[in-house]
**Student:** 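Got a structure for you, written out below as structure tokens; questions coming shortly.
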Amino acid sequence: MAEVQLHPDWLARIGGEFEQPYMAQLKAFLAGERAKGKAIYPRPRDWFAALDATPPQDVRVVILGQDPYHGPGQAHGLCFSVQPGVRTPPSLVNIYKEMQADLGIPRASHGYLKHWAEQGVLLLNNCLTVEAGQAASHQGKGWERFTDAAVATIAADPAPKVFILWGSHAQRKAANVPGLGPESPHLILRAPHPSPLSAHNGFFGSKPFSQANAFLDAHGRGTIDWQLPDNPAPATA
């Protein structure tokens with residue numbers, strides 16, 4: 001973990017997680033995998049990119065993903081997002097389709113979502129690393145506990161937020177988080193995952209983007225500009 005930097009405001013809230021035994025075990029696991037010559041995505045400096053891009057006090061929307069993309073050059077630490085110049089993955093294509101139907105925003109020509117993160121959309125995966133070509137390969141190694149702490153921290157803050165939970169995996173993760181129960185001050189939007197395998201089961205037509213903006217606006221928290229810039233600056237090399 002010495003290779004990564006974490007935003008100081010997140011460190012102040014969940015920095016204690018790094019002192020827990022599970023994090024030492026996770027660090028040892030990752031070091032061992034790299035010592036075996038296995039490629040791990042994203043690169044270490046991007047493991048905490050979602051938290052670095054969206055400090056806790058700025059969070060207005062939370063979108064939960066599962067694992068980083070496991071193809072070369074794709075993952076850079078924000079769930080559903082890929083680097084500029086990388087082909088837009090199918091799930092993100094479907095997100096764009098729903099956004100166009102919901103808000104009339106033309107589909108972006110790229111899959112780089114940093115513009116959302118900079119406006120307070122926390123794009124957090126459940127696990128923050130994955131082995132190349134091996135989906136879900138780092139599940140159960142400790143990342144879930146760390147990201148649970150991050151989600152719980154956001155949910156505990158009473159400032160109204162929107163939690164967008166696509167798919168059973170994200171919904172299960174949020175189910176036991178204090179602050180996301182029936183009395184929650186937050187808007188919780190649930191829908192099937194945007195994957196081509198499930199998007200037609202209720203993701204299309206769920207209108208998460210307009211619902212999120214209506215809720216934020218009604219609670220004095222502004223709105224998200226969901227339209228992505230045509231020519232995004234690439235992530236730092």
Side-chain angles (χ1 to χ4, degrees), residues 49-51 53-66 69 76-84 86-126 150-151 154-155 157 159-171 173-174 177 179-180 184-232:
L51 302 181
T54 313
Q57 68 273 13
D58 294 344
V59 174
R60 295 189 286 164
V61 177
V62 178
I63 297 177
L64 297 177
Q66 296 183 20
Y69 294 121
H76 65 101
L78 307 184
C79 74
F80 293 106
S81 181
V82 292
Q83 297 273 22
V86 176
R87 182 179 180 181
T88 304
S91 291
L92 185 53
V93 169
N94 285 338
I95 291 170
Y96 288 168
K97 288 179 180 178
E98 176 59 21
M99 189 167 62
Q100 184 173 25
D102 187 10
L103 299 177
I105 294 174
R107 300 178 204 175
S109 61
H110 59 85
Y112 189 56
L113 304 181
K114 187 73 175 291
H115 178 64
W116 295 357
E118 290 172 340
Q119 298 179 77
V121 181
L122 179 62
L123 298 167
L124 186 67
N125 276 313
N126 188 40
V151 174
I154 295 303
D157 181 350
K161 303 170 194 68
V162 181
F163 287 77
I164 298 177
L165 308 178
W166 289 326
S168 59
H169 199 280
Q171 291 164 25
K173 184 174 184 67
V177 173
L180 295 183
S184 175
H186 313 303
L187 175 64
I188 304 170
L189 301 176
R190 299 177 178 86
H193 195 275
S195 162
L197 298 175
S198 56
H200 289 280
N201 295 328
F203 171 78
F204 290 131
S206 60
K207 301 184 181 299
F209 306 101
S210 60
Q211 289 190 75
N213 274 353
F215 178 85
L216 292 172
D217 189 48
H219 289 83
R221 302 213 66 196
T223 58
I224 303 296
D225 174 17
W226 295 104
Q227 185 161 3
L228 297 167
D230 290 333
N231 298 299

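In this text the structure is predicted, and so the values were computed from the model without any measurement. Heavy atoms only: backbone and side chains are in, while hydrogens, waters and symmetry mates are out.
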**Student:** Calculate, to the nearest 0.5 Å, the distance between atoms CZ and CD1 belonging to Arg190 and Ile164 respectively.
**Tutor:**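 Answer rounded to 0.5 Å: 12.5 Å.
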**Student:** Does His186 have any ring-ring contact (aromatic ring centres under 6.0 Å, His included) partners at least two apart in sequence or in another chain, and if so, which?
**Tutor:**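 Scan of His186 (ring-ring contact (aromatic ring centres under 6.0 Å, His included), adjacent residues dropped) gives Phe163.
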**Student:** Quick one: list whatever passes ring-ring contact (aromatic ring centres under 6.0 Å, His included) with His115, sequence neighbours left out.
**Tutor:**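 Residues passing ring-ring contact (aromatic ring centres under 6.0 Å, His included) with His115: none at all.
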**Student:** Would you please name every residue forming a ring-ring contact (aromatic ring centres under 6.0 Å, His included) with His219, sequence neighbours left out?
**Tutor:**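 Only Phe215 meet the ring-ring contact (aromatic ring centres under 6.0 Å, His included) criterion with His219.
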**Student:** Working to the nearest 0.5 Å, report the span between CG of Leu180 and CD1 of Ile188.
**Tutor:**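 It is 4.5 Å, given to the nearest 0.5 Å.
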**Student:** Who are the side chain to side chain donor-acceptor pair (under 3.5 Å) partners of Ser168, not counting sequence neighbours?
**Tutor:**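 For Ser168 the side chain to side chain donor-acceptor pair (under 3.5 Å) partners, ignoring immediate neighbours, are Arg172.
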**Student:** CE of Met99 to CG of Asn94: how many Å apart, nearest 0.5 Å?
**Tutor:**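 Met99 atom CE to Asn94 atom CG measures 12.0 Å (nearest 0.5 Å).
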**Student:** Could you measure the distance from the OG1 atom of Thr88 to the NE2 atom of His110? Nearest 0.5 Å is fine.
**Tutor:**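 That separation rounds to 8.0 Å.
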**Student:** Give a yes or no on whether Arg107 atom CZ has more than 12 heavy-atom contacts from other residues, nucleotides or ligands under 6.0 Å away.
**Tutor:**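 Yes, CZ of Arg107 has more than 12 neighbouring heavy atoms, counting only those of other groups under 6.0 Å.
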**Student:** Could you please spell out the steps behind the side chain to side chain contact (heavy atoms under 4.5 Å, CB included) verdict for Leu216 and Val61?
**Tutor:** CA-CA 9 Å; Leu216 292 172; Val61 177; 3.9 Å; yes
**Student:** How far does CD1 of Ile95 sit from OG of Ser91, to the nearest 0.5 angstrom?
**Tutor:**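 OG of Ser91 is found 6.5 Å from CD1 of Ile95.
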**Student:** Are Tyr69 and His76 an aromatic pair, judged by ring center distance below 6.0 Å?
**Tutor:**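 Not under 6.0 Å, so no.
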**Student:** Leu51 vs Leu124, test: side chain to side chain contact (heavy atoms under 4.5 Å, CB included). Steps then yes/no.
**Tutor:** CA-CA 8 Å; Leu51 302 181; Leu124 186 67; 4.1 Å; yes
**Student:** Return a table of donor-acceptor pairs under 3.5 angstrom between the side chains of residues 197-205 and protein atoms on other chains or two or more places apart.
**Tutor:**
unit_1 : atom_1 : unit_2 : atom_2 : d
Ser198 : OG     : His193 : O      : 2.7

**Student:** So, for Ala155 and Val177, which heavy atoms are closest and what is the spacing to 0.1 Å?
**Tutor:**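 It is CB-CG1, 3.8 Å.
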**Student:** Side-chain contact, heavy-atom cut-off 4.5 Å: Leu113 with Phe80?
**Tutor:**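 Result yes, sub-4.5 Å side-chain heavy-atom pair found.
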**Student:** Ignoring hydrogens and geometry beyond distance, is a side-chain donor-acceptor pair present between Thr223 and Asp217 at under 3.5 Å?
**Tutor:**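 No - no donor-acceptor pair under 3.5 Å links their side chains.
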**Student:** Going from CH2 on Trp166 to OG on Ser206, what distance comes out if it is rounded to the nearest 0.5 angstrom?
**Tutor:**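 The distance works out to 7.5 Å.
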**Student:** Verify, without hydrogens or angle tests, whether Glu98 (side chain) and Phe209 (backbone) share a donor-acceptor contact under 3.5 angstrom.
**Tutor:**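 Checked: no pair found.
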**Student:** Does atom NZ of Lys161 have more than 12 heavy-atom neighbours, drawn from other residues, nucleotides or ligands, at distances under 6.0 Å?
**Tutor:**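 Buried by this count: over 12 neighbours within 6.0 Å.
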**Student:** Is the side chain of Thr54 donor-acceptor paired with the backbone N or O of Val59 at a distance under 3.5 Å, no angle test?
**Tutor:**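 It does not hold such a pair.
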**Student:** Provide the full list of side chain to side chain donor-acceptor pair (under 3.5 Å) pairs with a residue in residues 56-65, sequence neighbours left out, each pair given once.
**Tutor:**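 Sorted result for residues 56-65: Asp9-Gln57.
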**Student:** Taking Gln100 for the side chain and Pro106 for the main chain, is one N or O donor matched with an acceptor at less than 3.5 Å?
**Tutor:**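 No.
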**Student:** Could you tell me whether a side-chain N or O of Trp116 sits under 3.5 Å from a main-chain N or O of Trp226, the two making a donor and an acceptor?
**Tutor:**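 Yes, because the side chain of Trp116 sits within donor-acceptor range (under 3.5 Å) of the backbone of Trp226.
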